[in-house]
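Residue numbers count from 1 along this sequence.
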Amino acid sequence: MAAGVTHRERTARRILGAFRLLIAALELTALVGNYEYVQGFRLFATANFFGYFTVQSAMIAVVVLVFAGVLALTRDRDPAWLGTLRTMVTVYVLVSGVVFAVIVVQASTISYRVDVPWSDVLLHFVVPGLALVAWVADSVIGVNPRVSWATSWWVLIFPSIWLVGTLWRGAEVGWYPYFFLDETQVGGYLGVALYCAIVLVIFLAITTALVALNRRLVTLAERRRSTRAERADDAEERSAQLESVGA
């Protein structure tokens with residue numbers, strides 16, 4: 001067992017580990033349900049389904065959450081790199097939810113109906129919310145290393161690779177997973193560039209906010225731990241003084 005981790009903190013990590021596994025199970029259920037749902041569409045194509053950023057980030061989230069869940073159940077601390085990876089994955093699912101919500105709202109303004117089945121509700125709203133709760137809970141427990149500020153830049157690697165690949169494939173097959181990637185729907189390539197820049201800023205903003213929150217919460221946890229240690233030392237000192245007086 002790692003030094004400095006109390007029984008309460010260890011128990012909290014075990015509960016968090018189970019919670020991470022639950023979120024992974026819900027994410028996997030949502031992916032399967034969504035795949036079955038879209039199979040009902042006449043123009044359904046498996047390659048297109050797996051082309052969505054939401055689907056790819058959800059698959060990554062399942063793997064990371066399962067690994068992190070098992071680690072929380074069996075070890076007292078996560079390695080520093082896992083904190084960075086968990087933050088990135090949390091940002092990915094959050095941004096997926098934000099983008100989906102914007103698409104639904106925009107569709108309603110032009111009287112275009114966008115169905116939101118239970119699988120999409122799980123995938124875009126429930127799981128991102130639970131993932132954020134799990135991420136915050138980990139920071140509150142505060143036994144893991146602080147998340148590095150460099151995470152704000154690491155988080156852009158996967159979306160950038162996905163964007164380049166998606167734009168290349170879209171030009172080849174004439175299909176884009178999101179309207180703002182299709183130049184014919186947003187007034188040309190300048191419109192595509194503007195939308196992509198906005199989304200990347202959202203990635204940066206959410207990541208920076210999470211990193212700042214993590215570092216603040218970990219600092220508070222360390223202060224609580226230090227206060228408990230000081231109180232324990234004071235109690236031990238008083239006990240020793242009473243024993244010396246009694247002797």
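- Hydrophobic clustering (ILVMFWY, side-chain heavy atoms < 4.5 Å, transitive): Val192 and Val164 are in distinct clusters.
- The cluster map of Ile, Leu, Val, Met, Phe, Trp and Tyr, joined by side-chain heavy atoms under 4.5 Å apart, puts Val147 and Leu85 in different clusters.
- Side-chain contact annotation: Arg146 with Thr219, donor-acceptor N/O pair under 3.5 Å present.
- Environment of CD1 in Ile157: crowded, with over 12 heavy atoms of neighbouring residues, nucleotides or ligands closer than 6.0 Å.
- Trp162 places a side-chain N or O within 3.5 Å of a backbone atom of Gly51 that can act as its donor or acceptor partner.
- Within 6.0 Å of the CH2 atom in Trp168, the count of heavy atoms belonging to other residues, nucleotides or ligands does not exceed 12.
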Legend entry - Intermediate values then yes/no, ring pair (Phe, Tyr, Trp, His ring centres under 6.0 Å), Phe180 and Phe53: CA-CA 13 Å; Phe180 56 84; Phe53 181 84; over 10 Å; no
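- In this structure a side-chain-to-backbone donor-acceptor pair under 3.5 Å is missing from Arg20 to Val66.
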Inset, instruction - Let me see the working for Ile202 and Ile206 under side chain to side chain contact (heavy atoms under 4.5 Å, CB included), right down to the final yes or no. - result: CA-CA 6 Å; Ile202 292 174; Ile206 294 178; 3.7 Å; yes
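- Summarising the local packing, CZ of Arg75 is surrounded by 12 or fewer heavy atoms from other residues, nucleotides or ligands at distances under 6.0 Å.
- One N or O on the side chain of Tyr92 and one on the backbone of Val155 form a donor-acceptor pair closer than 3.5 Å.
- The environment of CH2 in Trp118 is crowded: more than 12 heavy-atom neighbours from other residues, nucleotides or ligands sit within 6.0 Å.
- Side-chain contact between Cys196 and Leu163 is present, with at least one heavy-atom pair separated by less than 4.5 Å.
- Between the side chains of Thr207 and Thr151, no donor-acceptor pair is found at a separation under 3.5 Å.
- The residue from Val133, Leu73, Leu21, Asp138 that alone fulfils the side chain to side chain contact (heavy atoms under 4.5 Å, CB included) condition with Leu16 is Asp138.
- Side-chain contact between Ser96 and Leu123 is absent, with no heavy atoms from C-beta onward closer than 4.5 Å.
- Remark: the backbone N or O of Val5 is not paired with any side-chain donor or acceptor of Asp76 at under 3.5 angstrom.
- Between the side chain of Gln56 and the backbone N or O of Phe50, at least one donor-acceptor pair lies under 3.5 Å.
- Leu181 has its side chain out of reach of Tyr195: every pair of non-hydrogen atoms, C-beta onward, lies at least 4.5 Å apart.
- Among pairs with a residue in residues 121-143, those fulfilling ring pair (Phe, Tyr, Trp, His ring centres under 6.0 Å) read Phe100-His124, Phe100-Phe125, at least two apart in sequence or across chains.
- With hydrogens and angles ignored, the 3.5 Å screen pairs no side-chain donor or acceptor of Asp78 with any backbone N or O of Asn144.
- Remark: aromatic rings of Phe49 and Trp175 are distant, center separation not under 6.0 Å.
- Within 6.0 Å of CH2 on Trp149 lie more than 12 heavy atoms contributed by other residues, nucleotides or ligands.
- The side-chain heavy atoms of Leu210 and Leu132, taken from C-beta on, include a pair separated by under 4.5 Å.
- Judged by distance alone, the side chains of Tyr176 and Thr184 never bring a donor and an acceptor atom under 3.5 Å apart.
- Side-chain atoms of Leu156 and Ser160, non-hydrogen and from C-beta on, do get closer than 4.5 Å to each other.
- When side chains are defined from C-beta on, Leu200 does not count as touching Leu204, because their heavy atoms never get closer than 4.5 Å.
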